[in-house]
Amino acid sequence: MSDLAVAPTGPARAAPWLHEIPASARRDMRVPARVYADEFLWERIRGDASLTQLMNVATLPGVHDAVYAMPDVHEGYGFPVGGVAAMRVEDGVVSPGGVGYDINCGVRLLVSELDRKALGTRLESLTHDLSRSIPSGWHANPELQLGPADLDRVLREGSAALVDRGLATPEDLTYTEAGGSLAGADPAAVSDRARSRGHDQLGTMGSGNHFVEIEVVDEILDAAAATVFGLRQGQVCVLIHTGSRGLGHQVCTDYVRLMGEVMPRYGITLPDPQLACAPIDSPEGQRYLGAMCAAANFAFANRQVITDAVRDAFGRAFGESGGLRLLYDVAHNIAKLEEHGGRKLWVHRKGATRAFGPTHPETPVAYRSAGQPVFIPGSMGTASYVLAGTDAALAGSFGSTCHGAGRALSRRAAKRAQSGGEVRKILEDQGIVVRCPSSAGLAEESPEAYKDVHRVVNVVEQAGLARRVARLRPVGVVKG
DNA sequence: ATGTAC
C-alpha cells in the first residue's frame, strides 16, 4: 500500500500526527481510514500489512464515520492490533477478529503506600514470591478449580462474583472498567470446550507479553492529575497485564468459525476471511456478543484473583499488604456498546485502550478532574506510562488511545536478533530482578522487538487522545 | 494471545 497518497485535505493537513486514507482509495471502503503517527512511525506503517488490514476494516457493513489506527499499530488476525472501529447497532456487524483472540486482555495498576527505599533488600524475595504464587505459562491455578455453577457466576458477574469469596473488595469493583462486570454476558453462549479450558485458569498469568511487574514511579508528568490518581515519585506499584486465557481464545475460535459459515446467508463479502462477522442483530452476532462479554468478565476476574495473590505476597514481605489499592483496570481488547454523537455503536478496540475524559459518566467520580486512567506498558525493562483520557478523544478516536509500545519485530525475528540469556543479562545489569522460566519467551519480548514507547505516547498526547500523568520504571519482572 | 495442529 506504499503507493497510497496521504489525503491532502481534512485532518491530515491540520495535524502532522494524523494521516488519512480517503474512502475513495479503494472501491470497497465505506469510510476513511485514519492513522495517528508521527513521520517516523508513519513511514513504517504506510507500507505495512496493518494499514491494508485497517482499510479492510473500513469495508465492513455498518462501519461508522471512520476507522482508526493508533501509533502502536501492527498486523493482527484480520483486524490490526491498535485498531478502532465503531459499528452501528442498526445495520452494523460484529467481528470476533476485531476484538482478538485474547478477549479483554487488559492492564491494571495497584498502588502501594511504600516507597522504593522500603522495598530495600526484599525486592528479590518479593519478586520470587510473586513468581511462585501466580501460576504462569501453561500452569493452571491449583487453588481455584471452578465447578460449572461457580464458573457460570464468574462468566455472568466477573469481578463481582469474587467479593463473597473475599478475593475482591467493593472498592476494587469501583475502580475496574464497567465495574468488572459486563451486563450483556451470556454464559450459555460459551462452549463446553471454552469452559473446560478456563475452569482452572482463573488467577493465572499466561505467557507471551503477559506479566506482573513491580514498578517505581520514576517521574510525575502532570502533578494535578497524579495527585488525583494518588501517585507520587518513588512510590512502589504493581502492573498486571493478562486476559481471558484459553477460555477467551476458544470463544474467538468458536465464533470465527461459526460466522465464517453463516456469512453467505447474510450476503456479506469480505476482503479477508479473517474478518468473519455477522450482523449485530443476527442470532450469531448476539450469541457472540454474549460470549464475548462473558469471556471479558472472566478476564476482569482473572486480574482480580491475581491482585489478591499480589496483596498476599506483599503481606508476607511487609507484614501487611502495603496498602495495595487498585488505581484502575482497563481493557484493550474488547467491543463495547457506547453512545457517540447520539448514536449507539459497538466500538471494537483491539490493542487500543478506552480513554474517556473528565466529563464522561463512566469515568470514576474520584477521577473526574483528571480523566479515566490509562496504562501503557512499554517493552519489558523499559518505561511504562500512566495516562489520563481526554474529552477530545471522544471525537478523535471514539474515546480511544494506544495500548503499548507495539511490536516492531515478529516473534521469530526477535528470537533471531537476541537470545533469552542476553536479554536477561541486559535487564539484570539495570538492577531489574527477573523471574521468567522461558528463555525463548524473554527473547520474544526483548526491548529490541518493540517500538519506542516514548514516541508512541508522545503521538497520542500531541493528538490530544490522552495526557501523560506519570512514567513508571520496572524493578521486578515476573513472566511466564 | 493460545493445550503455538481436530
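Every value quoted in this text rests on a predicted model; they were computed, and no experiment measured them. Chain identifiers are assigned alphabetically (A, B, ...) following the order of the sequence lines, protein sequences preceding nucleic acid strands; residue numbering begins at 1 within each chain.
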(request) Figure out the CD/C1' separation between A:Glu444 and B:dT2, and round it to whole Å. (result) 12 Å
(message) Between A:Glu338 and A:Lys344, does any side-chain N to carboxylate O distance fall below 4.0 Å?
(response) no
(request) Would you please name every residue forming a side-chain contact (heavy atoms from CB on, under 4.5 Å) with A:Gln418, sequence neighbours left out? (result) A:Glu422, A:Val423, A:Ile426, A:Ser446, A:Glu448
(message) Taking the six-membered ring of A:Phe40 as reference, does the cationic atom of A:Arg44 (NZ for Lys, CZ for Arg) lie under 6.0 Å from its centre and within 45° of its axis?
(response) yes
(message) Near DNA chain B, counting only heavy atoms under 4.0 Å, which residues of residues 375-383 of chain A show up?
(response) none
(request) Let me know the distance between OH of A:Tyr77 and C1' of B:dT4, rounded to the nearest Å. (result) 15 Å
(request) Would you indicate, yes or no, if B:dT2 has its OP1 or OP2 atom less than 4.0 angstrom from a side-chain nitrogen or oxygen of A:Ser207? (result) yes
(message) Can you measure A:Tyr255 atom OH to B:dT2 atom P for me and round it to whole angstrom units?
(response) 20 Å
(message) For a quick check of understanding: with a heavy-atom distance under 4.0 Å over all strands, which category does A:Gly100 fall into, base, sugar-phosphate or nothing?
(response) nothing
(message) Rounding to an integer number of Å, can you tell me how far A:Asp200 CG sits from B:dT2 P?
(response) 14 Å
(request) Tell me what A:Gly246 touches on the nucleic acid: a base, only sugar-phosphate, or nothing, going by heavy atoms under 4.0 Å. (result) sugar-phosphate
(message) Which residues pass the ring-ring contact (aromatic ring centres under 6.0 Å, His included) test with A:His360, not counting sequence neighbours?
(response) A:Phe356
(request) Kindly write out the residues that satisfy side-chain contact (heavy atoms from CB on, under 4.5 Å) with A:Ala383, not counting sequence neighbours, or none if the list is empty. (result) A:His454, A:Arg471
(message) Rounded to whole Å, please give me the gap between NE2 in A:His139 and C1' in B:dT2.
(response) 16 Å
(request) Starting from P on B:dT2, measure out to CG on A:Asp254 and report it in whole angstrom. (result) 16 Å
(message) Which is more 5' along DNA chain B, the nucleotide nearest A:Arg411 or the one nearest A:Arg257? Just name the residue.
(response) A:Arg411
(request) With sequence neighbours excluded, tell me which residues meet side-chain contact (heavy atoms from CB on, under 4.5 Å) with A:Ala161. (result) A:Arg153, A:Val154, A:Glu157
(message) I'd like to check the side-chain contact (heavy atoms from CB on, under 4.5 Å) partners of A:Ala440; sequence neighbours left out, ordered by chain and number.
(response) A:Lys415, A:Ser438
(request) Please report, rounded to the nearest Å, how far the C1' atom of B:dT4 is from the CH2 atom of A:Trp138. (result) 16 Å
(message) Could you tell me how far apart A:Glu445 (CD) and B:dT2 (C1') are, to the nearest whole angstrom?
(response) 14 Å
